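See below for the structure under consideration.
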2 protein chains.
Amino acid sequence: MNNGEDECRKVGGRIRAMREGQDLSQEKLAKMIGMDPTYLSRVEQGKRNPTVKLLAKIAHGLGVELKELFDFSL
Amino acid sequence: MNNGEDECRKVGGRIRAMREGQDLSQEKLAKMIGMDPTYLSRVEQGKRNPTVKLLAKIAHGLGVELKELFDFSL
DNA sequence: ATGTGACTGTGAGTCCGTC
DNA sequence: TGACGGACTCACAGTCACA
């Protein structure tokens, strides 16, 4: 089975999709919320296992609800 | 402003509500998914900042979708 | 503009108790 | 049964140089 790496990838994909949907670069979004662009890059690729606090920051930067980052049914 | 501690509390509350709704003890749920009961206790209280992988495990143990843990509009 | 390797410090997560 | 403490390990947060 799977440990949650799938979910990490899915969340990352959601973040990327919503960011690109707003024509925002990783750099700009990262700067808005005071985080490192290289770290954001890895989260979007599902190569990291982010915490609730970090995802809350990202959701805030995107101007969306936290639960939208977990809405994989699109 | 807030760092995401609010979200931690809300997620913890959701977990607790869904667990109690299934008449499950912290110990049993923790054992089901191979996690520490003391950590589950603290997560439910919003005193810890859990990762996606851990939340995926908890959601799986509760038999619900990950996004349901972030559905605060109830 | 995005991705990767390597790195350090701190906190996520586990295990032992006690109340 | 659940809350809390201490001590511990390893992974995550966060940064930099470079591609």
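Keep in mind it's a predicted model, so treat the numbers as computed, not measured. In the text below, chain A, chain B and the rest are named by the order of the sequence lines, each starting its count at 1.
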Practice task
Report yes if a side-chain nitrogen or oxygen of A:Lys47 is closer than 4.0 Å to either non-bridging phosphate oxygen (OP1 or OP2) of D:dC12; otherwise report no.
Solution key: no

Problem - Length of the CD-P vector between B:Glu44 and D:dG2, whole Å - result: 8 Å

Practice task
Give the rounded distance in Å between these two atoms: CG of A:Asp36 and C1' of C:dG9.
Solution key: 16 Å

Exercise for the section: Could you tell me which nucleotide pairs with D:dT1 by Watson-Crick or G-U wobble geometry, both distances under 3.5 Å, or answer none if nothing does? Expected result: none

Problem - Pairwise 5' ranking along DNA chain D for B:Ser25 and A:Lys57, keeping only the more 5' one - result: B:Ser25

Exercise for the section: Assign A:Pro50 to base, sugar-phosphate, or nothing according to its heavy-atom contacts below 4.0 angstrom with the strands shown. Expected result: sugar-phosphate

Problem - Presence of B:Ser41 side-chain N/O under 4.0 Å of D:dA3 phosphate oxygens OP1/OP2 - result: yes

Exercise for the section: Could you tell me whether the side chain of B:Asp36 and the main chain of B:Thr38 form a donor-acceptor pair under 3.5 Å? Expected result: yes

Problem - Phosphate contact (C:dT2 OP1 or OP2) by A:Gln45 side-chain N/O below 4.0 Å - result: no

Practice task
With heavy atoms under 4.0 Å as the rule, sort A:Asn49 into base, sugar-phosphate or nothing.
Solution key: sugar-phosphate

Exercise for the section: Classify the side chain of B:Thr38 versus the base of D:dC4 as yes if they form a donor-acceptor pair under 3.5 Å and no if they do not. Expected result: no

Handout entry: Value in whole Å for how far the C1' atom of C:dA12 lies from CD of B:Glu5
Key = 15 Å

Practice task
Look at the side chain of B:Arg19 and the backbone N and O of B:Leu24, then say whether any donor-acceptor pair between them is shorter than 3.5 Å.
Solution key: yes

Exercise for the section: Ignoring hydrogens and angles, tell me if any N or O in the side chain of A:Gln22 forms a donor-acceptor pair with the backbone of A:Leu62 under 3.5 Å. Expected result: yes

Exercise for the section: Report which part of the nucleic acid A:Thr51 touches: base, sugar-phosphate, or nothing (heavy-atom distance under 4.0 Å, all strands). Expected result: sugar-phosphate

Handout entry: Protein-nucleotide distance (A:Leu24, atom CG; C:dA1, atom C1'), rounded to Å
Key = 13 Å

Practice task
May I have the distance from A:Leu55 (atom CG) to D:dC12 (atom C1'), rounded to whole angstrom?
Solution key: 12 Å

Exercise for the section: Would you please confirm or rule out a distance under 4.0 Å between OP1 or OP2 of C:dA1 and any side-chain N or O of A:Arg16? Expected result: no

Practice task
Decide yes or no for B:Arg14 and B:Phe72: does some side-chain heavy atom of the first lie under 4.5 Å from some side-chain heavy atom of the second?
Solution key: yes

Problem - Check: A:Asn2 and A:Glu7 side chains under 4.5 Å, non-hydrogen atoms - result: yes

Practice task
Have a look at A:Leu40 and say if it touches a base, only the backbone sugar-phosphate, or nothing, with a 4.0 Å heavy-atom cut-off.
Solution key: nothing

Practice task
Check every strand shown and say whether A:Glu27 touches a base, only sugar-phosphate, or nothing at a heavy-atom separation below 4.0 Å.
Solution key: base

Practice task
Whole angstrom is fine here: how far is it from CD in A:Glu20 over to C1' in C:dT2?
Solution key: 11 Å

Completion exercise
Between OH of B:Tyr39 and C1' of C:dG17 the distance, given in whole Å, is 20 Å

Handout entry: Gap between atoms NZ and C1', on A:Lys53 and C:dA12 respectively (whole Å)
Key = 11 Å

Practice task
Considering non-hydrogen atoms only, spot the tightest contact between A:Leu55 and A:Ile15 and give its length.
Solution key: CD2-CD1, 4.1 Å

Exercise for the section: With DNA chain D as reference, determine whether B:Arg48 or A:Arg42 sits nearer its 5' end, using the nearest nucleotide of each. Expected result: B:Arg48

